[in-house]
Amino acid sequence: MIKTMNFLSTSDHTSVISITLFITLLCACIVIGHLLEENRWMNESITALIIGVGSGVVILLLSGGKSSHLMVFSEDLFFIYLLPPIIFNAGFQVKKKQFFRNFMTIMLFGAIGTVISFTTISLGAIVFFQKMDVGLAIGDYLAIGAIFAATDSVCTLQVLNQDETPLLYSLVFGEGVVNDATSVVLFNAVQNFDLSHINTSVAFQLVGNFFYLFITSTVLGVVAGLLSAYIIKKLYFGRHSTDREVAIMMLMAYLSYMLAELFYLSGILTVFFAGIVMSHYTWHNVTENSRVTTKHTFATLSFVAEIFIFLYVGMDALDIEKWRVVSDSLKTSVSVSATLLGLVLVGRAAFVFPLSFLSNLTKKTPHDKIGFKQQVTIWWAGLMRGAVSMALAYNQFTRAGHTQLRSNAILITSTITVVLFSTVVFGLLTKPLVRFLMPSSKQLNRTISSEPVTPKSFLAPLLGESQDSEAELFIGNGLMSRGEGRDDKNFDCPSRLRMLFTTPTRTVHYYWRKFDDAFMRPVFGGRGFVPYVPASPIERSTHNLEQEEEAKH
């Protein structure tokens, strides 16, 4: 009994040491990342990876070549605890006007593009890996397609700037989130079907299952966001405690993700759209203090989770157990890594350039079209592979982070190699590439000045929703002249059919806004429909200002 207690005590103490060291490394990543903030080459993802690799080397030496990390990788840790805050914050902070203005292109790249990339990589893997005698089943080849079709939206957030290149950021980041969700849905769909006898029926089932998961996941996220908005609007939590408002927002967001996982849906897509809906309705229903708190809380949780992931991936690159299994097949492992990297390059090019061409056919003005230089940047910025690819690879090719099978070990080590190479090399070159390909500083300043200001302070948050007037929506598309529509009441709306064919996205935006103001905001709250909370002097002053505005009209 005493021996057992001593063993447990030692085990607990070892865990405490591991967690302490890991948190110390996280702090080091944040400090060094801050010092390199203005560096044109580095970003925090690369910094965390390099620190992770360096720490792995030190641990490997201290352990006598037995282990390189402080804790064992777990898909559950990644998918249940680390990924939700990153994706939710992405939806919560995204500029909705830019996102929905480019929604069709984003969905074209994120959904159709991912399927094209998945198909290209899967077919390429079948052709090349069978010649290398890697020894994989048909399900493994399709899983490889899903694993390497997943771009790294986390790294994209750090190499592109939302203010400097709003169109690029909106397209690459929006596509990245939808891409991650699509990749996970494809991965789950492949795992849930009997692929030993592929026929037309199985193919249609795969497609049907994909669309079912995509639509139901999105609807669940929207419902969760609307429910949180309705609860906070009706119950006025801020009247007694802002802590309750913050808590209910955080828990409802996390609940949406866990419900999606419970019903085998895409938690990524669900929590992303929950974030968008909460920022549009729920965030405006809480008190001023809660708005500041939630904005920075969500951003902080997301930031720490991102650093945690890259730090661990860096450490895992030196996992001696997997490298020992492939030690007699190093040539094959290198060949597989190089082949996968090539397939990633080809798979992304296979959809970025053709789909950009199709997207441009629907755009009437040159300003809205995706230029060739922008297409090259979109192709390059999406080449990075990261934590989602790692987690899916572990899910497919290991059991509890371990494997002794040669083929599985080759795929895991190759995945690590591709993730490290793509993140460090492509990540290092993305910022300089954007500066080289993008407009000169004068043009850039004009672009920035035409967009809503988004400094990092709370005074002009990303959540700001500057609304276009009807005139602004349709000027430049041949539907009205500059002198028309200054007064919305005198706005002579063009025919609906003409609007829909000429500017489909903006027309949908125009009618959605009318529906939103007439039906949604009165029920669920939002900007302009904030409940009056007598206990809050800030809310009282806001309420009085609103009353004065109403009296003027």
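These numbers come from the heavy atoms of this one structure, side chains and all, not from hydrogens, waters or symmetry mates.
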Contacts of type salt bridge (Lys or Arg N to Asp or Glu O under 4.0 Å), residue Arg348, not counting sequence neighbours: Glu175

Please report the interatomic distance [atom1]([X]) to [atom2]([Y]), rounded to the nearest 0.5 Å.
X	Y	atom1	atom2	answer
Leu251	Met258	CG	CE	12.5 Å
Thr120	Phe351	OG1	CZ	9.5 Å
Ile87	Leu82	CD1	CG	11.5 Å
Gln93	Ile276	CD	CD1	12.0 Å
Leu420	Ile46	CG	CD1	11.0 Å
Leu136	Ile144	CG	CD1	5.0 Å

When the ring planes of Phe103 and Phe273 are compared, do they come out parallel, tilted or perpendicular, using 30° and 60° as the limits?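 Judged by the thresholds at 30° and 60°, the geometry between Phe103 and Phe273 is perpendicular.
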
Could you tell me how the ring of Phe298 sits relative to the ring of Phe92: parallel (under 30°), tilted (30 to 60°) or perpendicular (over 60°)? perpendicular

Considering only heavy atoms from C-beta outward, does the side chain of [X] approach that of [Y] to under 4.5 Å?
X	Y	result
Tyr264	Asn188	no
Glu245	Arg291	no
Ile126	Ile138	yes
Thr218	Phe272	no
Leu227	Met252	yes
Phe79	Leu392	yes
Val292	His296	yes
Arg521	His284	no

Least distance between heavy atoms, [X] atom then [Y] atom:
X	Y	answer
Val277	Leu226	CG1-N, 3.6 Å
Phe118	Ala146	CD1-N, 3.3 Å
Met390	Val419	CG-CG2, 3.9 Å
Ile307	Cys29	CG2-CB, 3.6 Å
Tyr230	Val523	CD1-O, 3.7 Å
Val271	Ala253	CG2-O, 3.7 Å

With side chain to side chain contact (heavy atoms under 4.5 Å, CB included) as the test, would you mind laying out the steps for Val178 and Phe109 before giving the verdict? CA-CA 9 Å; Val178 178; Phe109 282 173; over 6 Å; no

In this structure, are over 12 heavy atoms from other groups packed under 6.0 Å from Phe353 atom CZ?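 For Phe353, atom CZ is crowded (more than 12 foreign heavy atoms under 6.0 Å).
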
Does atom CZ (Phe515) have a neighbourhood of more than 12 heavy atoms from anything else shown, all under 6.0 Å?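 Yes, the 6.0 Å shell around CZ holds more than 12 heavy atoms from other groups.
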
Show your reasoning for whether side chain to side chain contact (heavy atoms under 4.5 Å, CB included) applies to Leu213 and Ser266. CA-CA 7 Å; Leu213 290 174; Ser266 170; 5.6 Å; no

Got a donor-acceptor contact below 3.5 angstrom from the [X] side chain to the [Y] backbone?
X	Y	answer
Asn89	Ser302	no
Ser356	Val352	yes
Thr423	Arg385	yes
Trp283	Ser290	no

Check step by step if side chain to side chain contact (heavy atoms under 4.5 Å, CB included) holds for Ile248 and Leu235. CA-CA 12 Å; Ile248 198 71; Leu235 298 182; over 6 Å; no

Criterion side chain to side chain contact (heavy atoms under 4.5 Å, CB included) on Thr242 and Thr293, from CA distance to verdict: CA-CA 9 Å; Thr242 58; Thr293 305; over 6 Å; no

List the residues meeting ring-ring contact (aromatic ring centres under 6.0 Å, His included) with Phe187, not counting sequence neighbours, and say none if there are none.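 Scan of Phe187 (ring-ring contact (aromatic ring centres under 6.0 Å, His included), adjacent residues dropped) gives none.
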
Check: Phe308 ring centre within less than 6.0 Å of Phe22 ring centre: yes

